[in-house]
Amino acid sequence: MSTKDWSPSSWRDKPIAQDVIYEDKAHLEKVLTKLRRLPPLVSPVEIDRLRCQLADVAAGKAFLLQGGDCAELFDDCSSDPIEHKLSLILLMSLIILHGSRLPVVRIARIAGQYAKPRSKPTEMVDFEIPDGPVGTDGVQKTQIEKREILSFRGDNVNGYDKADRNPDPERLLGAYFHSTATLNYIRTLLLSGFADLHKPLDWSFSHVRSPEIHKAFSAVIESLQDSLDFMKVATGAVGGGERGGMETVDLFTSHEALLLEYEEALTRSDQGSTSRSFSPPSSRTSTPAVSRSVSQIRVGTTSETYPHSPVRPPRSPKLTESLQNSFSDIKLEKEKDVQPAEKWYNTSAHFIWIGDRTRQLDGAHVEYFRGIANPIGIKLGPSMRPDEIVRILDIVNPDRIPGKVTLIGRYGADKVDQYLPAHIDAVKATDHVVVWQCDAMHGNTKSSTTDPSLKTRHFVDVITEITRSMAIHREKGTILGGVHLELTGEVNEEGYSVTECIGGSMELEDKDLSFNYRTHCDPRLNFEQGLDVAFLLADHLRSKRRGEEPKDILLSSLRGRTGQPQK
């Protein structure tokens, strides 16, 4: 499908899933007009650099680690939460790099992951209402009444408070400015040595209850520290600045592109314009093309233009006009011959993805995604037919650009063997070069047995889906290029990690969930569980590098004594 008939707004002619209905259309348009005039959050140069790195992932020359919050909150735009998230991703990538000896491409679900799709547009909630008049003792009796209200769709749509569920266009501006502040702080941290590998690592495994896991983790860290000490000497012992540098890393941003009005407003052309279909005409008179070409080649230069040139008499007006026209004709012909095709970039993030609920082939989201130059992700679940994968790849990547598309499997530990092999076979039969990634979170969500109102995930299911995906790809002769995880390094005031997922080296149980359950959306791996995944990945990738079978000691220990997935 050609992109010639595409524009940043062509999605508006297609049916759209997960749409947000704003009551005040004029207010929405005022906000979008403001967004169209604001600077981009990321640059095309950065976006293209990520696409090149993802091409390496597709070829097995790098590993992709993508992770972060299920849904960011505006209140989390603060130094401590950002540092905690960043440090976890950096430490995980360091462990994976050491085991795999592959560069790690780091993409965070950050600086824009403010919206969430919901299975239902509304939900039933309890409201406390007065029950009769105030008693003689001055106490008002109350009763609980269930009411249907709009679901919480994320901070860039509505509020989590039950009284703040109407979509508010101003929250789109809030998303932009909170993303800007987050990005600015991330860049500041990375440029200030936050990711310097020469800094001493404070590794603590006091949370690890299993002696076997404690021993395995300690052995990896001892080897890793030896490697870092060697590099410290090899690079000059001053931060690595003299010989190639080990002081900073690339870290890219990502989010699910749900709100297409917002994404469209931040879609910019590489030829300098913003979204043309909605940009109002400039109030200033533009310089005619001929005058611009003349100013660039400086016809009629004098000693003021070139101070070291001899003074020469001015040309006659007719000669100057003739030269201007000639130079303009030459420039126009040259532009006609070498003018590159226009590219459109979504500058709200380096990487955006289509969710499992919005990937309809004839839908608005696929229409929007097919025209942007960013690397993109597509979620694949059990409901995705193999032929649909091929059709969507043909639509969004007709030029077969390596690194352009990442296929993100989210099947569930109990379904990955059933669906992933056929999906791999379908793509192998084409000439598409994709990145295969495992989202081991979204297919493994369950309800707590202690408190059914809480959602949770069993760590054993997460690692089972990852390891089975690796094995299936190995059998098919393809490469699992990376993982996609919902995780956080967040801690409470006492310094304790969140307790939202069951299991891992902390051996969290269902009854522990309420201790520090903080998510407003889906449960996330905590700091320690994130490192558990990193150690497991490093162990598997190290075995692959050495041509050995993965050792099952760590996997069995993390699964529990039975060594079987939990039901």
Would you say the side chain of Ile378 lies within less than 4.5 Å of the side chain of Phe369, judging by non-hydrogen atoms? no
Can you name the nearest heavy-atom pair linking Lys116 to His442, along with the distance? NZ-NE2, 3.9 Å
dist Ile463:CD1 -> Leu536:CG (nearest 0.5 Å) comes out at 5.5 Å
Heavy-atom pair of closest approach, residues Ile110 and Thr253: O-CB, 3.6 Å
Hey, does the side chain of Thr347 reach the backbone of Leu266 with a donor-acceptor pair shorter than 3.5 angstrom? yes
With a 4.5 Å heavy-atom cut-off, do Arg542 and Asp539 have their side chains touching? yes
Under the side-chain contact (heavy atoms from CB on, under 4.5 Å) rule, collect the residues that match up with Ala17, sequence neighbours excluded. Thr358, Gln360
Whether Ser100 side chain and Leu541 backbone form a donor-acceptor pair below 3.5 Å: no
How would you list, by chain and number, every residue that makes a salt bridge (Lys or Arg N to Asp or Glu O under 4.0 Å) with Lys476, sequence neighbours excluded? Asp425
Before you tell me yes or no, could you show the steps for Asp80 and Lys85 under salt bridge (charged side-chain N to carboxylate O under 4.0 Å, His left out), namely the whole-Å CA-CA distance, both residues' side-chain angles and the distance that decides it to 0.1 Å? CA-CA 9 Å; Asp80 284 347; Lys85 295 171 190 175; over 6 Å; no
Taking ring-ring contact (aromatic ring centres under 6.0 Å, His included) as the definition, give me every residue that meets it alongside His473, ordered by chain and number, with sequence neighbours left out. Trp436
Indicate yes or no: at least one non-hydrogen side-chain atom of Tyr517 is less than 4.5 angstrom from one of Lys455. yes
Got Trp6 and Glu367 here, is their nearest side-chain heavy-atom distance under 4.5 Å? yes
Any side-chain heavy atom of Ile372 within less than 4.5 Å of one from Glu263? no
Shortest non-hydrogen pair, Asp356 vs Leu380, comes out as OD1-C, 4.3 Å
Heavy-atom side-chain proximity of Phe459 to Cys501 below 4.5 angstrom: no
Going through the checks in order, is the side-chain hydrogen bond (donor to acceptor under 3.5 Å, both in side chains) test met by His484 and Arg410? CA-CA 9 Å; His484 187 125; Arg410 33 97 72 221; over 6 Å; no
Just jot down the salt bridge (Lys or Arg N to Asp or Glu O under 4.0 Å) partners of Arg545, sequence neighbours excluded, or say none. none
Under the side-chain contact (heavy atoms from CB on, under 4.5 Å) test, which residues partner Ala62, sequence neighbours left out? Asp56, Val57, Pro103, Val105
Whether His365 side chain and Leu258 backbone form a donor-acceptor pair below 3.5 Å: yes
Kindly say whether Asn374 contributes a backbone atom to a donor-acceptor pair with the side chain of Lys404 at under 3.5 angstrom? yes
Which heavy atom in Lys120 sits nearest to a heavy atom in Ser151, and how many Å separate them? O-OG, 2.9 Å
Salt bridge between Asp461 and Lys446, side-chain N to carboxylate O under 4.0 Å? yes
Salt bridge (Lys or Arg N to Asp or Glu O under 4.0 Å) partners for Asp414, two or more places apart: none
What I'd like to find out is whether the side chain of Phe252 reaches to under 4.5 Å of the side chain of Gln66, using heavy atoms alone. no
Cys521 backbone acceptor or donor facing Thr519 side chain under 3.5 Å: yes
Thr488 side chain near Leu88 side chain, heavy-atom distance below 4.5 Å: no
Quick one: side-chain hydrogen bond (donor to acceptor under 3.5 Å, both in side chains) partners of Tyr185, sequence neighbours excluded? Glu83
With sequence neighbours left out, what residues match Tyr345 under ring-ring contact (aromatic ring centres under 6.0 Å, His included)? none
Nearest heavy-atom pair of Pro8 and Glu264: which atoms, and what distance? O-CG, 3.3 Å
Looking at CZ of Phe351 and NE2 of His255, how far apart are the two atoms once the value is rounded to the nearest 0.5 Å? 11.0 Å
Just jot down the side-chain hydrogen bond (donor to acceptor under 3.5 Å, both in side chains) partners of Glu46, sequence neighbours excluded, or say none. Arg187, His350
Thr430 side, atom OG1; Arg391 side, atom CZ - distance, nearest 0.5 Å: 14.5 Å
Can any side-chain N or O of Asn526 pair as donor or acceptor with the backbone N or O of Glu528 at less than 3.5 Å? yes
How about Arg457 and Thr445: does a side-chain donor come under 3.5 Å of a side-chain acceptor? yes
State, without any angle test, whether Arg106 and Ser93 hold a side-chain donor-acceptor pair at a distance under 3.5 Å. yes
With no hydrogens and no angle check, is any side-chain donor or acceptor of Arg153 less than 3.5 Å from a backbone partner on Arg118? no
Going by the rule salt bridge (Lys or Arg N to Asp or Glu O under 4.0 Å), which residues pair with Arg524 if we only count those two or more places apart in sequence or in a different chain? Asp69, Glu490, Glu500
Please tell me whether His98 and Ser223 have a donor and an acceptor in their side chains that are separated by less than 3.5 angstrom. yes
Just by distance, do the side chain of Arg400 and the backbone of Pro398 share a donor-acceptor pair under 3.5 Å? yes
Value rounded to 0.5 Å, distance of CG in Asp250 from CD in Gln53: 5.0 Å
Excluding sequence neighbours, so at least two apart, what forms ring-ring contact (aromatic ring centres under 6.0 Å, His included) with His178? Phe74
Any luck finding a side-chain donor-acceptor pair between Asp510 and Thr450 under 3.5 Å? yes
Taking all atoms of both residues into account, what is the closest heavy-atom pair of Gln437 and Val483, and its distance? NE2-O, 3.0 Å
Residue list, ring-ring contact (aromatic ring centres under 6.0 Å, His included) with Tyr411, at least two apart or on another chain: His423
